[in-house]
Each structure stands twice: as structure tokens, then as C-alpha cells.
Amino acid sequence: MPYDEALERFEPVLGLETHVELGTESKMFCGCPTEFGAPPNTHVCPVCLALPGSLPVANAEAIESTIRIGLALNCTIAEWCRFARKNYFYPDMPKNYQISQYDEPLCTDGYLDVVVDGETVRIEIERVHLEEDTGKSTHVGGATGRIHGADYSIVDYNRAGIPLVEIVTKPIPGTDRLAPEVARAYVTELREVMRALGVSDVRMEEGSLRCDVNVSLMPRGASEWGTRSETKNVNSLRSVERAVRGEIERQAAILADGGRIVQETRHFHEDTGRTTSGRSKEEAQDYRYFPEPDLLPMAPDREWVASLKADLPELPSVRRGRLQAEWGVSDLDMAAMHNADAIDLVEATVAAGAPAADARKWWMGELARRANEAGKPLAELPITPAEVARVTELVSSGALNDKLARQVLEGVLAGEGSPDDVVAKRGLQVVNDEGELLAIIDKVLAENADAADKVRSGKVAAAGALVGGVMKASRGKADAARARELILEKLGVS
Amino acid sequence: MSAITRDEVAHLARLSRLALADEELDHFAAQLDQIVAAVARVAEVAADDIPPSSHALPLTNVFRPDEVRASLTPEQALSGAPAVEDDRFRVPRILGEEA
């Protein structure tokens with residue numbers, strides 16, 4: 001059912017479960033390293049392979065990071081809690097269970113505010129708990145490479161045991177037609193909080209931040225929520241938005257036909273933006289959680305928690321507010337910079353000496369256009385904030401005009417060296433020699449007698465063509481504003 | 001104390017992917033029943049002032065520093081695997097006919 005029609009008839013309720021791999025040096029319960037991309041089964045040991053006689057010991061850094069995440073999300077930190085065993089038969093954990101937390105998470109009852117369409121939406125956080133990541137299974141045989149229909153599977157346990165934090169929201173009603181945008185804004189903000197805390201590299205494409213999206217619909221005016229589906233491992237911000245939208249459209253079509261939504265896990269497909277059914281209800285697991293006997297309870301010291309709270313870094317929303325005030329930009333411009341991931345770049349450019357307005361102008365203008373053309377994020381353009389700052393300096397000193405500055409940026413992006421190198425190599429310099437400029441103007445006026453006559457007779461607008469002629473004749477090096485002044489002066493209309 | 005039923009044993013066996021014969025279901029139901037009854041005796045002596053405990057040691061916050069230690073080589077890691085392919089553990093089909 002088309003999205004607009006679905007929203008006329010139904011109200012969505014969202015829920016988001018986000019998994020964040022912590023950036024610790026070693027795994028959660030053993031000393032194996034955690035780097036991404038190592039050859040298979042090279043980061044494994046008797047503990048994470050569950051060899052008989054091995055015992056886990058919890059990583060202090062991972063516990064501290066989890067508490068800091070909870071504090072940044074305004075949660076209450078448990079005074080006492082335990083790990084729990086989650087039992088299941090999938091071979092992605094060699095123990096046949098995953099060490100997780102069940103009814104005693106480290107952090108509970110927090111919130112994260114996000115801004116969508118100028119409105120602040122408070123997302124309530126149910127819990128933040130610590131667990132271990134699973135190994136990576138590759139399914140062999142069958143048509144799709146998926147677990148269904150596979151002949152057998154092969155497993156790499158490098159990832160098994162990497163500390164994983166799960167952040168679960170409470171159900172989020174009332175987002176209405178903005179549900180997809182709210183979901184995306186939440187994951188974006190959460191990612192920035194993790195970055196500010198320095199607890200994870202939060203790379204969605206490498207799986208260090210993964211999101212499961214729960215969606216249910218209820219008829220407009222109903223008070224009871226519908227049955228939800230859970231779409232797994234949505235791996236980009238754009239996919240979060242598309243997955244919510246796709247589920248709203250799919251569920252609305254079923255409900256409108258008098259059908260029922262099955263509570264199930266669904267898989268998101270990047271290519272179509274649709275989900276397909278995953279694990280069905282009959283296979284849903286009975287996890288038989290119980291307190292993990294191999295690990296002792298945790299009782300975070302109150303003074304320690306207070307000191308962690310006092311030492312939290314400036315959080316992204318606070319930082320954005322501060323920078324907006326410092327830069328004197330509108331809400332709209334700030335939101336545009338945020339969406340373009342330009343805030344860090346503008347800040348670094350300002351730190352390198354550029355006025356904020358100039359830094360913003362180049363990153364959000366010419367450089368955003370170039371990034372868009374190249375299909376890359378801004379931060380991946382081969383130019384540094386210091387180089388952009390140097391270009392703004394050359395413009396404000398009068399050595400370059402905007403047109404030449406664009407050529408300098410083009411040169412830097414093309415690998416021709418620093419801005420000064422490009423200026424030197426390409427011979428880019430505003431014509432400051434008034435004599436040279438006047439000679440060019442005389443030539444242009446002579447070649448465009450008609451336009452010159454129009455200006456003389458009072459049609460000042462015709463001067464634009466003459467200025468254009470001067471810029472062309474000088475190959476962009478003239479100062480257009482000065483050329484205009486001189487032309488008008490010469491034609492006696494200034 | 002309610003007895004463990006055959007159905008409960010069958011359910012647990014399915015969750016654990018254990019193939020139990022019919023007579024085994026009865027056999028294990030009786031055994032599990034005895035085990036549960038034995039553990040339940042703790043409740044007889046646990047007074048209201050004794051909180052439930054999950055761990056025998058009166059310790060909390062036993063952590064290790066975040067330091068990398070040597071891992072096994074893939075050869076060592078895979079040496080006990082029943083089947084190996086591409087330096088990975090090869091396991092039988094995970095979701096069977098029921099999928």
C-alpha cells in the first residue's frame with residue numbers, strides 16, 4: 001500500500017535495538033585481539049572456542065565503556081547485576097550459548113533527544129546491556145547463500161566474544177508519518193554519541209554498529225498496539241529509514257486486506273528496500289536464560305560511577321548548540337551541515353584560521369557539490385580542513401577571487417598539491433595590476449560597442465555582459481567587482 | 001513438586017537438537033524429576049532471611065585489564081574440528097527439513 005495511504009489509515013509504533021561493538025583491544029572474556037578483517041580463526045583461544053576447562057573473565061574496559069554509554073544516555077546504573085547465559089543451538093557460538101544479560105542489565109531507563117524537522121523527539125531507552133558478539137557463519141550451497149536451503153555452513157570465530165553493547169528503546173509511538181526519519185535520526189545521534197565517547201568506531205558497513213528495526217501498526221484511533229515485526233541487521237542509515245517505510249507499507253497492505261501480522265524476524269534487502277520473512281514463529285527460540293555461573297556479579301562502585309559521569313565528554317547535541325552559537329548560523333543551516341556530516345570539517349577549518357561563514361560556504365557549496373559528483377562522503381574528499389582554510393585566506397587577502405578559488409580546490413582535489421602549489425603551477429592570481437585590467441577593459445569595450453552604448457544610455461544591467469567579457473579575456477583572473485566599477489566609471493555612469 | 005513430563009523433555013531435546021527415542025523420553029523425564037526434587041530440598045532449609053544465591057563465592061567485580069594475549073594458530077584452533085574448510089569450522093546444515 002502506498003505510504004501516504006498507509007499513514008491515513010494506520011499509526012506506526014517503532015522500537016529500535018542497536019548493537020555496538022566496543023573498540024576494546026581484547027575480547028570480552030579473553031585476551032584475543034578484536035581487529036576487523038583478520039584471516040579466519042586467527043583471533044581465537046581456548047576461552048572463546050569454549051574448550052573444556054577454560055573460564056571467562058570480564059574485560060574491565062568493556063564494563064566501563066558500557067557504563068559510560070548508559071550515563072551518556074541518561075540511564076540509571078545498576079548497583080548490582082549479573083551476566084546471564086542465553087542458550088541456543090546455532091553454531092555461531094562454540095559454547096552453544098552466548099553470555100549476555102537478561103533481567104539485570106547494567107543500565108536502565110534513559111533517553112536520547114533527537115531533532116527531526118525542527119522538532120525535538122525524546123526517545124526513551126529501556127536498557128543498555130553488555131554481551132559478546134557471535135562468530136561469522138558462511139552458508140554454502142543452496143541458491144541464495146542464506147541459512148535456508150544451505151547444504152552446510154563454515155564458521156570463523158574471530159568475532160565470537162568481541163564485547164557487544166545492546167541498546168534497546170522503549171516502544172516509540174506518536175511519530176506518525178515521520179517514523180522513518182525519526183528512526184534514522186535516532187541511529188545517527190546514537191552513532192555520534194558513541195563517537196564522542198570514543199567507545200566504538202561505529203562503522204555500519206563493517207558491522208560495528210548494527211540496527212534491528214521493530215515496527216507495528218494500529219488502526220488510527222485504536223489504543224492497543226499491533227503485532228510487530230523485527231527487521232534484522234539493517235546496515236546503513238539510509239536502510240534504517242527505508243526498512244521502516246517498507247514495513248509500514250507491507251503491514252498496512254496486509255491489515256487493510258483483513259490479514260494478520262505474524263510476529264517474526266525479517267530480512268532487509270538493500271536492492272529493493274523490502275523485507276522478506278526470516279525465522280518463523282515455529283522456530284522462535286526458548287533461550288532458557290539463567291545467571292552465568294562462570295562469572296561473578298558486578299557491583300559498580302557509586303563513587304566510580306559518579307566520576308565516570310563527571311568525566312563524560314561534551315555530548316554531540318550540546319556541542320552542536322555551542323558551535324551554532326559560535327558560528328552564528330540558523331537552525332536550518334546547522335541542520336544542513338549536520339545532515340551533510342560537515343560539522344567536524346567546518347569546525348576543523350575554523351580551527352585552522354578560517355572565518356566560520358567562509359568555512360561553511362566552501363564545505364557546503366563547492367566541496368559538497370564535488371563530493372556529490374564523486375558519490376563520496378565529504379570527509380573522504382582528498383582535501384584537508386587546513387587546505388580549505390588556506391583557500392579562504394587567499395580569497396580574503398584578495399589574492400584569489402571565488403572563481404579562481406574553485407580552480408584551486410579543483411587542483412587540490414586532483415592531487416596537484418597544496419593550495420599554494422596549485423596557485424603557482426596553474427598561474428592563478430587575481431589581476432591586481434590596474435593598468436593591465438584597464439587594457440583588457442578597453443579591448444572588451446571596443447569589441448562590444450553595442451553593449452557599451454546601452455550602458456551609456458542608462459541600461460546598467462547590460463554591464464553584466466561586459467564584466468563577463470573581461471573575466472573571459474582575463475581567463476578568470478580579474479577581480480569582477482573591480483572590473484565592474486572601472487567599466488561603469490569609463491562609461492560615465494558610476 | 002510437579003513431575004517433569006515427556007512433552008517437556010521432548011521440547012528441551014528439540015531446543016538442544018538432540019534426537020531422543022520414545023523410551024528415552026520416559027527415562028530422562030524420570031531422571032530430571034529426581035534432579036529437580038533433589039535441588040528443591042534447598043527450599044526446605046532456606047529461611048526468609050536467606051536471599052537466593054547464584055554464586056558460591058562472596059566476590060563481585062572480578063575483572064581483567066583490557067590486554068591482548070596470544071591467540072592460538074588456526075592450525076591449533078582447528079585441530080579438534082570434525083571438519084574444516086577454508087580455515088573455518090565446517091558444520092552440518094543448521095536449519096533442516098523444518099525450515
Side-chain angles (χ1 to χ4, degrees), chain A residues 24-26 29-34 39-46 48-49 51 57-63 80 82 87-91 94 96 135 137-141 147-157 280 282-283 285-286 288 290-293 295-301, chain B residues 4-5 7-20 32 35-36 39 42 51-99:
Chain A
T24 51
E25 297 291 319
S26 66
F29 300 115
C30 65
C32 286
T34 56
N41 292 308
T42 52
H43 293 173
V44 291
C45 74
C48 57
L49 286 178
L51 299 188
V57 186
N59 183 333
E61 180 79 19
I63 289 164
W80 188 90
R82 291 174 293 194
N87 299 279
Y88 63 97
F89 78 94
Y90 283 82
N96 245 32
S137 309
T138 307
H139 306 297
V140 182
I147 191 167
H148 290 278
D151 294 328
Y152 63 93
S153 301
I154 53 177
V155 195
D156 168 14
Y157 289 119
S280 75
E282 302 84 72
E283 294 160 50
Q285 294 302 297
D286 172 356
R288 291 154 289 144
F290 61 87
E292 171 57 64
L295 290 159
L296 289 159
M298 295 174 272
D301 178 74
Chain B
I4 303 283
T5 65
D7 282 353
E8 283 170 320
V9 177
H11 179 61
L12 276 175
R14 199 181 66 80
L15 290 176
S16 313
R17 296 313 191 259
L18 293 175
L20 296 187
L32 287 170
I35 292 167
V36 169
V39 173
V42 172
S53 78
S54 55
H55 295 77
L57 300 172
L59 295 172
T60 55
N61 298 336
V62 178
F63 305 141
R64 45 173 271 275
D66 180 27
E67 284 164 9
V68 171
R69 293 171 68 170
S71 297
L72 297 174
T73 63
E75 293 71 33
Q76 289 171 322
L78 294 160
S79 61
V84 173
E85 185 172 314
D86 288 345
D87 282 337
R88 293 165 176 90
F89 292 82
R90 179 175 160 161
V91 299
R93 173 187 295 175
I94 297 168
L95 293 184
E97 325 69 57
E98 60 190 306

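Only this structure's heavy atoms are used, side chains among them; waters, hydrogens and symmetry mates stay out.
- Atom CD in A:Glu61 sits 12.0 Å away from atom CZ in B:Phe63 (nearest 0.5 Å).
- Partners of B:Arg64 under the side chain to side chain contact (heavy atoms under 4.5 Å, CB included) rule, at least two apart in sequence or in another chain, are A:Ser26, A:Val57, A:Asn59.
- The contact between B:Pro92 and chain A is made entirely by backbone atoms, counting heavy-atom distances below 4.5 Å.
- With chain B as partner, the option from A:Pro291, A:Cys45, A:Ser137, A:Ala60 having the largest number of non-hydrogen pairs under 4.5 angstrom is A:Ala60.
- B:Arg69 is not listed as a side-chain neighbour of A:Cys30, based on a closest heavy-atom distance of 4.5 Å or more.
- The greatest number of non-hydrogen atom pairs below 4.5 Å with chain A, out of B:Asn61, B:Asp87, B:Leu59, B:Val84, is found for B:Asn61.
- In plain terms, the two heavy atoms of B:Ser71 and A:Val44 that are nearest each other are CB-O, 3.3 Å.
- When the candidates B:Leu78, B:Leu57, B:Thr60 are compared by the number of heavy-atom contacts under 4.5 Å with chain A, B:Thr60 comes out ahead.
- There is no contact between A:Cys48 and chain B, counting heavy-atom distances below 4.5 Å.
- Of the atoms belonging to A:Phe290, not a single heavy atom falls under 4.5 Å from chain B.
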Chi angles and distances behind the side chain to side chain contact (heavy atoms under 4.5 Å, CB included) call for A:Thr42, B:Thr73
CA-CA 6 Å; A:Thr42 52; B:Thr73 63; over 6 Å; no
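- Chain B forms more heavy-atom pairs under 4.5 Å with one residue of A:Asp301, A:Thr24, A:Asn96, A:Thr34 than with any other, namely A:Thr24.
- In this model, no donor atom of one side chain and acceptor atom of the other lie less than 3.5 Å apart for A:Ser153 and B:Arg93.
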Step-by-step side chain to side chain contact (heavy atoms under 4.5 Å, CB included) determination, B:Arg90 to A:Val140
CA-CA 10 Å; B:Arg90 179 175 160 161; A:Val140 182; over 6 Å; no
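- Heavy atoms closer than 4.5 Å to chain B are found nowhere in A:Pro94, neither backbone nor side chain.
- Of the inter-residue distances, the one linking A:Leu49 atom CG with B:Gln76 atom CD reads 10.5 Å to the nearest 0.5 angstrom.
- With A:Phe89 as the aromatic partner, B:Arg17 meets the cation-pi criteria of under 6.0 angstrom to the ring centre and within 45 degrees of the ring axis.
- Side-chain N or O atoms of B:His55 include one that pairs as donor or acceptor with a backbone N or O of A:Leu295 at under 3.5 Å.
- Across B:Asp86 and A:Pro40, no two heavy atoms sit closer than the pair O-CG, 3.9 Å.
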Side chain to side chain contact (heavy atoms under 4.5 Å, CB included) between A:Ile154 and B:Glu85, worked out
CA-CA 7 Å; A:Ile154 53 177; B:Glu85 185 172 314; 3.8 Å; yes
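- Between B:His11 and A:Asp286, the shortest heavy-atom contact is NE2-OD2, 3.2 Å.
- Residues B:Asp66 and A:Glu25 share a closest heavy-atom pair of OD2-N, 2.9 Å.
- Of the atoms belonging to B:Glu67, it is backbone heavy atoms, and not side-chain ones, that fall under 4.5 Å from chain A.
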